[in-house]
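First up is the structure itself, then whatever we jot down about it.
Keep in mind that what you see is a predicted model, and the values were worked out from it rather than measured. As the structure lists them, so they are numbered: ligands from 1, and atoms in each ligand from 1.
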Amino acid sequence: MSEHLTVVSHPLVLHKLSLMREKSTSTAVFRQLLREISQLLAYEVTRDLDMTIKRIETPIQEMDAPVLAGKKLALISILRAGNGLLDGVHDLIPSARVGFVGLYRDEKTLQPVQYYFKVPTELDQRLVIAVDPMLATGNSAVAAIDLLKRAGATNIRFLCLLAAPEGVARMKEAHPDVPIVTAAVDEKLNELGYIVPGLGDAGDRMFGTK
Ligand code: URA
């Protein structure tokens, strides 16, 4: 991927995102929409995966068929909201290895605090796709990518649903080598670190907490 930021402005993505933004949308529908959008975003973030040719036999004859090349890719969910994106992407790429980075946002400092880290082996040989629905201040994303790089990852992409310009800028400064794929870039962050107009707290909305 050559672009630092890719906004997937496909009509289906935008329509589903608008439904997710509405505060009257139920938890169940929110989760379902996130699953659907995550697959459309996954399609984009994997668009240029390396391919190889494998000799296969169809019921009619043999052929040289294109298949994915290289080591299984790694999907890394930034907990807890990342799991909402992870499920759909994992359905689409079922052979992917999966890891988790547990970071919570200190509500006062807005700084990420790590509480869990478990990732697949041989990260240096895999395409690593880190997923988190909301790229807000960028603090969690930058911290998660720091940890992934420390664990050996060299080829990382960041997949989110919504981004704030502040988060995109922070990522570009800290990790210019990590392309971002998102459905939309909103206007700004508010004083609490929420994306405006946004959709509220993605974790609360997908898990029904408050
Ligand atoms: N995290 C969220 O869930 N929502 C925001 O608007 C910002 C960060």
Partner of Asp177 under salt bridge (charged side-chain N to carboxylate O under 4.0 Å, His left out), chosen from Lys172, Arg157, Lys149: Lys149
Electrostatic pair Glu173-Arg170, nearest N-O below 4.0 angstrom: no
Electrostatic pair Asp87:Arg31 at N-O distance under 4.0 angstrom: no
Residue among Val98, Val128, Ile76 satisfying side chain to side chain contact (heavy atoms under 4.5 Å, CB included) with Pro120: Ile76
What does the N/O contact table under 3.5 Å look like for ligand 1?
residue: ligand 1; atom: 3 (O); partner: Ala202; partner atom: N; Å: 2.7
residue: ligand 1; atom: 4 (N); partner: Gly200; partner atom: O; Å: 2.8
residue: ligand 1; atom: 6 (O); partner: Ile195; partner atom: N; Å: 2.7

Under-4.0 Å salt bridge between Asp64 and Arg55: yes
Set of side chain to side chain contact (heavy atoms under 4.5 Å, CB included) partners for Leu5, sequence neighbours left out: Val7, Val168, Ile180, Thr182, Val185
